[in-house]
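Inspection log for the structure reproduced underneath, given as structure tokens.
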Amino acid sequence: MQRFDVIVVGAGFAGMQMLVRLRQLGVSFLVIERGSDLGGTWYWNRYPGCRCDVPSLDYSVPWDPETEQEWDWSERYAAQPEILNYIQHLAERHDLRRDIRFDTVVSSVTWDEDCGLWVVRTDRGDTFEAQFVVSGAGALSEPNMPDISGIGNFKGELYHTGLWPKTPVELAGKRVAVLGTGSTGVQASTAIAKAAKHLTVLQRTAQYSLPCHTPPLTEADLAARRADYPEHREWQRNSVAGVAPRLPTPFAMRAFDDPKETRFENYERCWQAGTAALVGVYGDASTNAEVAEEIAEFVRNKIRGVVKDPVTAERLCPPPGTYVGARRIIIDTGYYEIFNQPNVTLADITGDPIVEITETGVKTRDNFYELDMLVVATGYDAVTGPLLAMNITGKNGARLKDVWAEGPRTNLGLMIAGFPNLFTITGPSSPGVLVNVMFAIDQHVDWICRCIDHMRKTGAPKIDTTEQAQNEWQAHAAETYAKALRMNDEKNWYLGTNIPGKPRAPLVYQGGLGFYRNICDEIAADGYRGFVFG
Ligand code: NA7
């Protein structure tokens with residue numbers, strides 16, 4: 001049986017940074033990846049229109065200063081092929097592939113108390129031992145396949161966006177339906193509408209989508225960022241979300257201190273700036289329901305202004321009381337415009353629910369949509385899904401899925417009581433995917449590697465969190481969640497409520513990246529307060 005100091009699961013941005021740092025630490029390690037190459041999210045999500053919702057000049061690795069001086073991002077928000085090229089460039093430049101075992105799925109991770117080691121088994125029949133296991137399995141990597149009657153009978157092409165084929169998918173001349181209208185469904189529909197013979201968008205819940213505006217980056221844009229990358233990285237690390245604001249918002253702390261005319265001018269400026277500026281337009285935009293509703297109605301009027309058919313426009317408008325930013329902001333490149341095309345239909349599957357999927361299409365109560373292709377854009381079992389899929393068993397035979405039956409509990413989103421020497425990059429109750437994940441990863445990798453280094457230097461073989469520290473962290477995380485009105489949509493992958501039967505629990509920490517970093521650093525500096533070394 002092969003033995004390593006550290007086994008890392010996943011070779012997305014988290015696994016890649018961990019790999020680089022572990023080489024520097026001089027420990028023995030292996031990275032296990034289920035894909036045939038690196039990239040994680042950007043490897044799997046090859047669907048048409050896939051694009052990052054963090055600007056390119058903020059979304060790149062902070063551990064390769066040479067590449068950041070050389071890499072030419074082409075537009076404000078990079079599309080998936082460009083990000084995958086960037087990842088492949090990093091892989092070659094740092095010769096990352098030699099430490100990664102590809103096409104391998106971790107099937108179980110079991111703590112051996114007698115040896116004080118993790119035993120990691122894979123679907124290829126390997127058994128490895130390791131002192132530490134680090135999950136870099138990602139937050140949005142466990143696709144949610146909907147349990148719809150007859151879906152297995154469909155004889156056309158069926159794709160989940162998160163498992164999109166590597167070979168080209170021909171859309172021309174085809175009748176396509178997209179199921180789901182989250183970020184993925186909106187991006188995919190916008191692109192598919194341009195190529196397919198006919199597109200039916202199967203919408204269960206209307207969501208707001210904001211224009212991202214993604215002009216080409218100029219030489220001057222790139223040069224300006226290159227000149228200040230070191231300072232910008234430092235700013236990102238200590239900021240709330242690691243993303244440079246498009247506008248210096250909030251314009252004022254209280255919206256209603258401004259007259260109506262000024263408020264609407266400000267909403268318009270944010271709309272034109274694109275992406276999430278609108279959510280931060282005023283200091284109370286996410287905490288005062290009246291302000292939030294005014295902003296929501298502003299966006300509904302934008303939708304009505306674009307979509308010519310009034311019935312379709314109303315269907316696309318989330319109802320009053322649904323706030324912009326109540327779920328993760330969706331950004332688009334002309335989503336509402338597609339509904340003016342003759343080849344696009346919006347199907348409201350709440351008013352006219354799906355009865356079954358047949359061999360040839362989708363049957364709703366009142367309609368039948370004959371299809372050549374069904375694109376399933378129904379999202380992910382987020383944050384906890386990838387961890388639970390590994391079948392982790394900790395001390396005393398405790399299975400993670402039982403321990404988390406009522407919802408995940410962690411200390412700092414980094415460790416789980418009773419699961420020693422197991423670290424979870426962007427784990428539940430850490431900022432993770434709520435912020436620019438590149439910097440959530442950077443901070444976790446740094447904390448974990450410093451902790452491993454500390455243990456090597458002090459000779460401690462084992463670290464675990466106390467239940468008490470874990471309880472305290474959960475209480476603090478719940479408090480920060482309760483303060484954030486904008487997270488009020490009850491059906492939300494941030495809460496786990498997008499998955500039938502999944503316990504409702506806030507999955508991301510709301511206190512901000514910089515604030516969280518300080519807490520983690522302070523705990524480490526205080527002798528890893530709340531953690532015990534064995
Ligand atoms: P999301 O945001 O979870 O959206 C999933 C969509 O799929 C949403 O519109 C759901 O409708 C719909 N859905 C899910 N299950 C079903 C079933 N059974 N029937 C019909 N419709 C369904 O996932 P995305 O992939 O779009 O985005 C996830 C994140 O990836 C995104 O926030 C970015 O951070 C990147 P519902 O709203 O539940 O009625």
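Given the structure is predicted, the values throughout are model-derived calculations rather than measurements. When a ligand or atom number is given, it counts from 1 through the structure's own listing order. Heavy atoms only: backbone and side chains are in, while hydrogens, waters and symmetry mates are out.
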Taking atom NZ of Lys194 as the centre, does the number of heavy atoms from other residues, nucleotides or ligands within less than 6.0 Å exceed 12?
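Check passes, neighbour count above 12.
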Step through the shown structure and confirm whether more than 12 heavy atoms of other residues, nucleotides or ligands are within 6.0 Å of CG on Asp366.
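More than 12 heavy atoms, drawn from other residues, nucleotides or ligands, come within 6.0 Å of this atom.
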Side chain, backbone, both or neither: the part of Leu179 lying under 4.0 Å from ligand 1 by heavy atom:
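For Leu179, only side-chain atoms sit under 4.0 Å from ligand 1.
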Ring-face cation contact, Tyr43 with Arg46, 6.0 Å cut, 45° max
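Checked: cation-pi criterion met.
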Ring-face cation contact, Trp44 with Arg34, 6.0 Å cut, 45° max:
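Satisfied, under 6.0 Å and within 45°.
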[X] side chain to [Y] backbone, donor-acceptor under 3.5 Å:
X: Asp348; Y: Gly351; result: yes
X: Thr497; Y: Glu490; result: yes
X: His160; Y: Asn144; result: yes

Distance to 0.1 Å, residue and atom name: give those for the protein heavy atom nearest to [atom].
atom: atom 39 (O) of ligand 1; value: Thr205 OG1, 2.4 Å
atom: atom 9 (O) of ligand 1; value: Thr181 N, 2.9 Å
atom: atom 12 (C) of ligand 1; value: Gly180 CA, 3.8 Å
atom: atom 23 (O) of ligand 1; value: Gly379 CA, 3.2 Å
atom: atom 6 (C) of ligand 1; value: Ala377 O, 3.5 Å
atom: atom 3 (O) of ligand 1; value: Trp493 CD1, 3.6 Å
atom: atom 11 (O) of ligand 1; value: Arg204 NE, 3.7 Å
atom: atom 24 (P) of ligand 1; value: Thr184 OG1, 3.2 Å

Should Arg517 and Asp442 count as an ion pair when the cut-off is N to O under 4.0 Å?
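Salt bridge between Arg517 and Asp442, a charged N being under 4.0 Å from a carboxylate O: yes.
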Less than 4.0 Å between a side-chain N and a carboxylate O, is that true for Glu297 and Lys302?
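Result for this pair is no, no salt bridge flagged.
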Has Gln203 got any heavy atom lying under 4.0 angstrom from an atom of ligand 1?
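The answer is no, since Gln203 has no heavy atom less than 4.0 Å from ligand 1.
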Measure the distances from the heavy atoms of Asp147 to every atom of ligand 1 and state whether one is below 4.0 angstrom.
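Distance cut 4.0 Å: Asp147 fails for ligand 1.
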Return the option from Arg327, Arg328, Arg51 holding the heavy atom at the smallest distance from atom 37 (O) of ligand 1.
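Heavy atom nearest to atom 37 (O) of ligand 1 belongs to Arg327.
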Decide whether an N or O pair under 3.5 Å exists between Tyr380 and ligand 1.
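Such a contact does not occur with ligand 1.
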State the atoms of ligand 1, each with its element, that fall below the 4.0 Å cut-off from a heavy-atom position in [X].
X: Ser183; value: 26 (O), 31 (C), 32 (O), 33 (C)
X: Pro146; value: 18 (N)
X: Ile349; value: 20 (C)

Would you check if Ile192 and Val375 make a side-chain contact, meaning some heavy-atom pair closer than 4.5 Å?
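A side-chain contact exists here, since the closest heavy-atom pair is under 4.5 Å.
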